[in-house]
Amino acid sequence: MKINLAYFSATYTTQRIIRQVAAQFGTDAIREYDITQQLPTEEIRLGKDELLILGAPVYSGRIPERAQEAFRYLKGEGTPVVVIAVYGNREYEDALVEMKDLIEANGFRLISAAAFVAQHSIFSHVATGRPDAKDMRLAAEYGKQLAALLDNAEAIEALPLPAIKGNRPYRDIGPSHPMPIRVEEECNACGTCVELCPYQAISAADPRVTDVAQCRSCGRCIVVCPLQVRRFSGEFFDMVGQKFAVALAARKEPELFF
Ligand SMILES: Cc1cc2nc3c(=O)[nH]c(=O)nc-3n(C[C@H](O)[C@H](O)[C@H](O)COP(=O)(O)O)c2cc1C
């Protein structure tokens, strides 16, 4: 069976988790559509004998707009799909339902879903270091369970419909207000952040300047900076950060739905 991965992953945790799941199928026939930096240029058609694993981080209880747009390019023919939401130990709210609705409207059939936990890409003191060894073990076990599910299925349509969590209508998240980014003096304008920003929000002439109208606070510029001189800052960031340190201290575990 050909495995297809399609994902948005600004700080690479979604990518790590879905690659770990896919690796358990024991095949080299894995195609990746990383849509973090650009939309597909044309429709991607997948047959019934293929599997799609769709991954997105949770942004305000939903999936990022870029993922919503990009996933519309995927077209199935009753093709089985697994949806995976990765969240920063707060909540994933409607992200799984949103992914399911979007992809089923394009001819795919949901066979399973999962919510995994990773370090919060804005508040890095929340779920720091996750996915950790335990999470990665669970992702591997999940991949094996999926492979067995498909191996043993008489027909995709005969598989049970997973009862996932989430609500419709989805959470209304309103306009985004990016967190200011502080850049230390040591920035040598190497351009790594400019090149890798999913939203082309950083000035090539002066990477200290971020266009707040484009920025989505995805955190990529911070994790890719070779000198580690970029960080979120500001009163709102400090206030929410303190609140989250207390409210989100308890470890949440991945949830799997079949
Ligand atoms: C704009 C934004 C909004 C977020 N909203 C949530 C949220 O509602 N719940 C949560 O638990 N984590 C939230 N997070 C954290 C991310 O879901 C989490 O860090 C995820 O692992 C990021 O995935 P990535 O590494 O693939 O980019 C948010 C992160 C960003 C950047």
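Since the model is a prediction, treat every value here as computed from it, not as a measurement. The residues of the chain are indexed from 1 along the displayed sequence. Remember, it's 1-based here, ligands and their atoms both numbered in the order they're listed. Side-chain atoms are counted along with the backbone in the values below, which use heavy atoms only and exclude waters and symmetry mates.
- At a threshold of 4.0 Å, the pair E255-K252 does not count as salt-bridged, since none of the basic side-chain nitrogens sits closer than that to a carboxylate oxygen.
- Given atom 10 (C) of ligand 1, the protein heavy atom at minimum distance is G88 N, 3.3 Å.
- Ligand 1 has at least one atom lying under 4.0 Å from a heavy atom of C218.
- Scanning I17, I63, V86 for the heavy atom closest to atom 20 (C) of ligand 1 points to V86.
- Of the polar atoms of E91, at least one N or O is found under 3.5 Å from an N or O of ligand 1, judged by distance alone.
- Of the N or O atoms in A10, one or more lie within a sub-3.5 Å distance of an N or O in ligand 1.
- Considering backbone and side-chain atoms alike, Y87 places every N or O at 3.5 Å or more from each N or O of ligand 1.
- The proximity of T11 to ligand 1, defined as any non-hydrogen pair under 4.0 Å, involves the side chain as well as the backbone.
- At the shortest separation from atom 1 (C) of ligand 1 among protein heavy atoms lies R216 O, 3.7 Å.
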Problem - Worked verdict on R90 versus E93 for salt bridge (charged side-chain N to carboxylate O under 4.0 Å, His left out) - result: CA-CA 9 Å; R90 190 187 65 74; E93 279 123 348; 2.7 Å; yes
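- Heavy atoms of Y12 found under 4.0 angstrom from ligand 1 belong exclusively to the backbone.
- Taking a cut-off of under 4.0 Å to the non-hydrogen atoms of I122, the atoms of ligand 1 that pass are 1 (C), 2 (C), 30 (C), 31 (C).
- Heavy-atom proximity to S9, at under 4.0 Å, picks out these atoms of ligand 1: 24 (P), 26 (O), 27 (O).
- Residues M179 and F123 are in side-chain contact: their nearest non-hydrogen atoms beyond the backbone lie under 4.5 Å apart.
- Looking at atom 2 (C) of ligand 1, its nearest protein heavy atom turns out to be Y59 CD1, 3.5 Å.
- In this structure, K134 and E253 approach most closely via the heavy-atom pair NZ-OE2, 3.1 Å.
- If you check which protein heavy atom lies closest to atom 31 (C) of ligand 1, you get S217 O, 3.0 Å.
- The protein atom (non-hydrogen) at minimum distance from atom 5 (N) of ligand 1 is S60 N, 2.9 Å.
- Around the CD atom of E43, the shell of radius 6.0 Å holds more than 12 heavy atoms that belong to other residues, nucleotides or ligands.
- Residue-to-ligand polar distances keep R171 apart from ligand 1: every N/O pair is separated by 3.5 Å or more.
- Using a 4.5 Å cut-off on side-chain heavy atoms (C-beta onward), Y33 and L52 make no contact.
- Checked by atom type, the side-chain pair Y142/Q24 shows no donor-acceptor distance below 3.5 Å.
- The single protein non-hydrogen atom nearest to atom 13 (C) of ligand 1 is V58 O, 3.2 Å, given as residue, atom name and distance.
- We find that R231 and E184 are joined by a salt bridge, their nearest charged nitrogen and carboxylate oxygen being less than 4.0 Å apart.
- A 4.5 Å side-chain heavy-atom check between L54 and L74 finds at least one atom pair inside the cut-off.
- The local environment of NZ in K75 is crowded, with over 12 non-hydrogen atoms from other residues, nucleotides or ligands closer than 6.0 Å.
- Nearest protein heavy-atom contact of atom 8 (O) of ligand 1 is R90 NH2, 2.8 Å.
- Residue contact check: A118 has heavy atoms under 4.0 Å from atoms 21 (O) of ligand 1.
- Checking R130, Q119, R220 against atom 19 (O) of ligand 1, the nearest heavy atom belongs to Q119.
- With hydrogens left out, the protein atom closest to atom 21 (O) of ligand 1 is T13 OG1, 2.9 Å, a heavy atom.
- Side chain of R216 to backbone of R66: no donor-acceptor contact under 3.5 angstrom is found.
- Looking at N89, I18, T14, it is T14 that brings a heavy atom closest to atom 26 (O) of ligand 1.
- Remark: the R230 side chain and the T210 side chain contain an N/O donor-acceptor pair separated by less than 3.5 Å.
- Listed by atom number, the atoms of ligand 1 under 4.0 Å from P57 heavy atoms are 20 (C), 22 (C), 23 (O).
- F108 pairs with exactly one of T79, L102, L51, V83 by the side-chain contact (heavy atoms from CB on, under 4.5 Å) rule, that one being T79.
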